[in-house]
Every structure is written in structure tokens, then in C-alpha cells.
Amino acid sequence: MKKHAIIPIFIPHKGCPNDCIFCNQKKITARQGNISEKDVRNTIETYLSTLENSSVETIELAFFGGSFTGIPMEEQSAFLSIAKEYKDRGRIHKIHMSTRPDYINEEILDNLKRYGADTIELGVQSFVDEILEKSGRGHDSSIVYKSSQLIKDYGFELGIQLMIGLPGDTMETAVYSAKETVRINPSIARLYPTIVINDTELYNQYKQGLYLPLSQEEAIARTKAMYEIIDDAGINIIRVGLKSSDLINENGEISGNTYHPAFRQLVEGEISRDRIEKELKSMNFDTSKSTKVDIFSNPQTFSVMVGHKGCNRQYFDEKYPYLNIAYKTDEELEPNRFKVTEKEVCNGKHRK
């Protein structure tokens with residue numbers, strides 16, 4: 001049963017005069033042109049025609065694609081009034097938008113509160129000023145702390161979006177951004193490896209040899225380090241990597257090797273492998289004997305336990321040939337938490 005569903009309303013590049021080097025909004029949102037109030041209603045009704053007949057518990061209307069709070073206030077209010085109408089009638093349950101840290105102030109938040117908005121995500125990208133400058137963000141990190149606190153003071157749910165692999169980024173700066181995110185303590189977070197999208201300044205730098213995209217292995221390694229820091233702090237990581245639907249043509253419109261349609265599973269699969277292997281190493285098996293082992297996960301994260309296309313199964317089979325491993329589920333385990341038990345050894349004795 002799906003508990004949560006999003007109705008996405010894309011506002012392509014509206015409200016954002018800055019040209020960040022990684023951004024081509026037309027390709028990211030797969031939308032072109034302006035959006036009208038009629039378009040908003042039509043989108044909502046189209047989604048609700050399916051969602052209202054399903055068992056979804058929470059329906060969230062989300063304004064994505066541009067910097068929502070940067071568009072003229074009257075346009076914000078026009079869109080928000082439609083959202084509020086559906087929320088007041090109980091047809092949707094939450095109102096959500098994404099924006100830039102420098103497009104938050106008391107007037108904006110007063111207006112969002114007036115229309116019943118719930119969640120504000122900030123496209124932070126990095127907490128390192130040098131990286132923000134090289135990326136053409138148009139602000140430094142100080143505004144992130146101010147905006148985040150103001151959003152929380154108003155009682156909104158705060159989200160923070162981070163990018164991995166921007167110009168000047170390293171493993172150290174990535175970890176620093178993750179730790180600063182924990183210090184701010186948002187409710188939700190998203191982690192996006194940088195993707196070189198054609199017709200952007202970053203693409204020009206890439207073609208000129210001035211920017212080298214991360215390898216897939218390095219992108220996974222940095223994202224994995226950030227993920228564990230943020231996840232261990234109890235912050236809900238709602239997205240890792242772009243979906244294929246976020247791009248017009250994943251074969252013809254992006255460059256480099258960072259994009260993978262199952263990037264989240266790759267990251268979470270490596271984290272699960274590390275956690276399981278730590279358990280295995282602590283058990284001091286007799287390598288001269290065949291030992292049966294059960295590895296348990298929550299049913300929701302079974303695919304993460306075995307790894308993308310079974311890569312974790314293969315890894316453990318090759319590294320621990322003396323173990324006969326069975327992969328099972330345990331609903332009492334939290335997602336992304338694992339349990340290893342030794343079932344029996346070849347002489348018939350059991351060891352817990």
C-alpha cells in the first residue's frame with residue numbers, strides 16, 4: 001500500500017534570474033513555457049482522478065522546477081489559493097514547494113502561512129562558499145542558516161537539497177555539507193550527484209576540460225558518506241539521485257557517467273553491504289567448515305540488502321565461500337537495518 005503521493009506542479013525557471021552553471025530548467029523539468037492557473041487545476045484533477053480511488057493516505061501538492069517564492073507575489077497567491085482550496089476540501093493534505101535560500105523573508109513566509117503551506121525545501125547545494133561561487137549561485141552560505149531558522153521559526157517543515165560533485169567539491173567538502181545539514185536539522189533532505197546537462201555553462205566547462213565529472217564510483221562513495229551522516233541523525237532522505245522522468249533524454253541530453261536510474265539503490269546497497277559485513281566479521285567463523293547464515297532485513301529494504309541486480313549476493317558468495325547465506329525478512333527491523341544470525345554448523349551444533 002502506497003502511503004504518500006505527490007502531485008507535481010512544475011514552474012520552469014520562473015522566479016530564478018540566476019543562471020547556475022549546472023542548470024538548464026527546460027531539461028530538468030521536461031517542461032517549457034509558462035504555467036497558468038488552469039494548468040494547475042487540470043494537473044491536480046488529472047492526478048486526483050486516480051489517487052482518490054486508491055488507498056493512498058497522504059496526497060501532497062508540490063510546486064517544483066523553479067524557485068517558487070521568487071515569482072511575483074500575486075502569482076504565488078494565485079497558485080497557492082488553488083492549492084488551499086483543494087486542501088480545505090480535504091482532497092489534498094499537504095502543500096509543498098522548493099525555492100532558493102535567498103528567496104525567503106518574513107513577507108514571503110507570512111503569505112505561505114496564509115495559504116496553508118506545509119513544507120519548504122531549500123536548494124542549498126553546498127555549505128562551502130567557494131563551491132557556491134564557482135557554481136554561480138549568487139549567494140554565500142550565511143543566507144542558508146538565516147533562511148532555515150526563519151522557516152523553522154514559522155513552523156514549516158524544512159527540507160534541504162544538496163549536490164555532490166560541483167566544481168571545487170571534494171569528499172571533505174561533501175562531508176562538511178552533510179554535517180552542516182545535521183546541525184540545521186531539517187525534517188527531510190535530498191542528495192543529488194551533479195549531472196552535466198547539455199546547454200549549460202557546466203557543459204561548456206566539461207567540453208573545454210575545465211570540469212571533470214565524478215566517476216560513478218566516486219559519486220556513490222561521496223553520496224554514501226553523506227547519506228550515513230544525515231540518516232544517522234534521523235533526517236528523512238526522501239530522494240537520492242534524479243529520476244529518469246526528471247530528464248528529457250537521458251541518452252542524448254546529459255554527459256559524463258554520474259547518472260544512473262537506480263542510483264539510490266546503488267548507494268543504499270553499498271551501505272547495507274558494509275553494515276552486514278561488519279556483522280559477519282564480528283562472528284569469527286571457522287573457515288574450515290560450511291556454516292549456514294541467515295541475513296534479515298525489513299521487507300521494504302530487501303532489495304537493498306541483496307543489492308542492485310543481486311550484487312551484494314555475489315559479493316558475499318565470492319568473499320565468504322564457507323558461508324551458506326539465506327536472505328530473509330523481519331518486519332520488526334527498521335528499514336536499512338540488518339540482522340545476521342548463524343543458523344548451524346556442519347557438525348549439527350547451533351550457535352546463536
Side-chain angles (χ1 to χ4, degrees), residues 3-18 25 29 31 33-48 51-52 56-124 138-139 142-161 181 184-190 235-236 238-239:
K3 294 184 177 181
H4 184 264
I6 296 285
I7 300 177
I9 305 294
F10 291 97
I11 316 222
H13 214 69
K14 291 198 69 173
C16 188
N18 295 280
Q25 284 294 126
T29 62
R31 296 288 193 278
N34 294 326
I35 183 169
S36 68
E37 296 170 48
K38 181 179 179 181
D39 294 328
V40 173
R41 286 189 182 276
N42 288 342
T43 300
I44 295 172
E45 289 293 341
T46 298
Y47 275 84
L48 288 180
L51 293 174
E52 287 185 322
V56 172
E57 295 178 6
T58 303
I59 300 174
E60 187 169 27
L61 179 65
F63 294 100
F64 289 140
S67 296
F68 183 80
T69 61
I71 66 177
M73 190 69 78
E74 60 271 19
E75 289 188 42
Q76 291 183 50
S77 296
F79 294 144
L80 288 168
S81 65
I82 297 172
K84 186 176 187 298
E85 174 190 326
Y86 281 88
K87 186 179 179 183
D88 288 345
R89 290 160 57 191
R91 298 187 69 189
I92 66 169
H93 307 103
K94 298 182 72 176
I95 302 171
H96 184 139
M97 69 277 303
S98 59
T99 193
R100 289 170 54 95
D102 52 345
Y103 288 173
I104 292 292
N105 57 40
E106 292 183 352
E107 180 187 7
I108 286 170
L109 295 179
D110 284 337
N111 196 53
L112 294 180
K113 182 66 73 173
R114 186 176 302 117
Y115 288 101
D118 299 281
T119 305
I120 303 172
E121 284 192 60
L122 297 179
V124 173
H139 63 76
S142 64
I143 194 65
V144 177
Y145 300 98
K146 295 175 183 176
S147 296
S148 296
Q149 189 60 54
L150 197 56
I151 288 169
K152 293 174 75 173
D153 288 345
Y154 266 75
F156 293 105
E157 181 181 57
L158 172 66
I160 287 198
Q161 303 170 4
T181 297
I184 287 175
N185 192 30
S187 299
I188 56 177
R190 298 178 193 251
I235 297 166
N236 182 17
I238 61 174
R239 177 67 61 82

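On a predicted model such as this, the values are computed, not experimentally measured, just so you know.
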Going from [atom1] on [X] to [atom2] on [Y], what distance comes out if it is rounded to the nearest 0.5 angstrom?
X: Met97; Y: Ile11; atom1: CE; atom2: CD1; answer: 9.0 Å
X: Asn42; Y: Glu37; atom1: CG; atom2: CD; answer: 12.0 Å
X: Ser187; Y: Ile160; atom1: OG; atom2: CD1; answer: 10.0 Å
X: Arg89; Y: Lys84; atom1: CZ; atom2: NZ; answer: 12.5 Å
X: Tyr145; Y: Ile184; atom1: OH; atom2: CD1; answer: 6.0 Å
X: Leu48; Y: Ile59; atom1: CG; atom2: CD1; answer: 5.5 Å

Taking side chain as C-beta onward, heavy atoms only, is [X] less than 4.5 Å from [Y]?
X: Leu112; Y: Leu80; value: yes
X: Leu150; Y: Glu106; value: yes
X: Asn105; Y: Ile108; value: yes

What are the two closest heavy atoms between [X] and [Y], and how far apart are they?
X: Thr181; Y: Pro186; answer: O-CD, 3.0 Å
X: Val56; Y: Lys3; answer: CG1-O, 3.9 Å
X: Arg100; Y: Leu122; answer: O-CD2, 3.9 Å
X: Pro101; Y: His139; answer: CD-NE2, 3.9 Å

Hey, can you tell me if Phe79 and Phe68 have their rings parallel, tilted or perpendicular (30° and 60° cut-offs)?
tilted
Between Ile7 and Thr43, is a side-chain contact (heavy atoms from CB on, under 4.5 Å) present by the stated rule, with each step listed?
CA-CA 8 Å; Ile7 300 177; Thr43 300; 4.2 Å; yes
Intermediate values then yes/no, salt bridge (charged side-chain N to carboxylate O under 4.0 Å, His left out), Glu157 and Lys94:
CA-CA 11 Å; Glu157 181 181 57; Lys94 298 182 72 176; 3.4 Å; yes
Is it true that a side-chain atom of [X] and a backbone atom of [Y] form a donor plus acceptor pair closer than 3.5 Å?
X: Ser36; Y: Asp39; answer: yes
X: Ser81; Y: Ala78; answer: yes
X: Ser67; Y: Thr99; answer: no
X: Thr69; Y: Tyr103; answer: yes
X: Asp118; Y: Ile95; answer: yes
X: His96; Y: Thr119; answer: no

Does Phe64 form a side-chain contact (heavy atoms from CB on, under 4.5 Å) with Ile9? I'd like the steps, not just the answer.
CA-CA 6 Å; Phe64 289 140; Ile9 305 294; over 6 Å; no
Lys/Arg N to Asp/Glu carboxylate O, Arg91 vs Glu85, below 4.0 Å:
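A salt bridge is absent here (no side-chain N lies under 4.0 Å from a carboxylate O).
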Is the closest basic N to carboxylate O distance between Lys87 and Glu60 below 4.0 Å?
no
Flag for Glu107-Asn111: side-chain donor and acceptor within less than 3.5 Å
no
Residues Glu45 and Tyr86: side-chain donor-acceptor under 3.5 angstrom:
yes
Step through the shown structure and confirm whether more than 12 heavy atoms of other residues, nucleotides or ligands are within 6.0 Å of NZ on Lys146.
no
Walk me through it: do Lys152 and Asn185 pass the test side-chain contact (heavy atoms from CB on, under 4.5 Å)?
CA-CA 10 Å; Lys152 293 174 75 173; Asn185 192 30; 3.9 Å; yes
Intermediate values then yes/no, side-chain hydrogen bond (donor to acceptor under 3.5 Å, both in side chains), Glu121 and Ser98:
CA-CA 4 Å; Glu121 284 192 60; Ser98 59; over 6 Å; no
If you apply the rule side-chain contact (heavy atoms from CB on, under 4.5 Å), what do you find for Gln161 with Val124, and how did you get there?
CA-CA 6 Å; Gln161 303 170 4; Val124 173; 6.0 Å; no
Within 45 degrees of the ring normal and closer than 6.0 Å to the centroid, is that where the cationic atom of Lys113 sits relative to Tyr154?
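Cation-pi check for Lys113 and Tyr154: fails.
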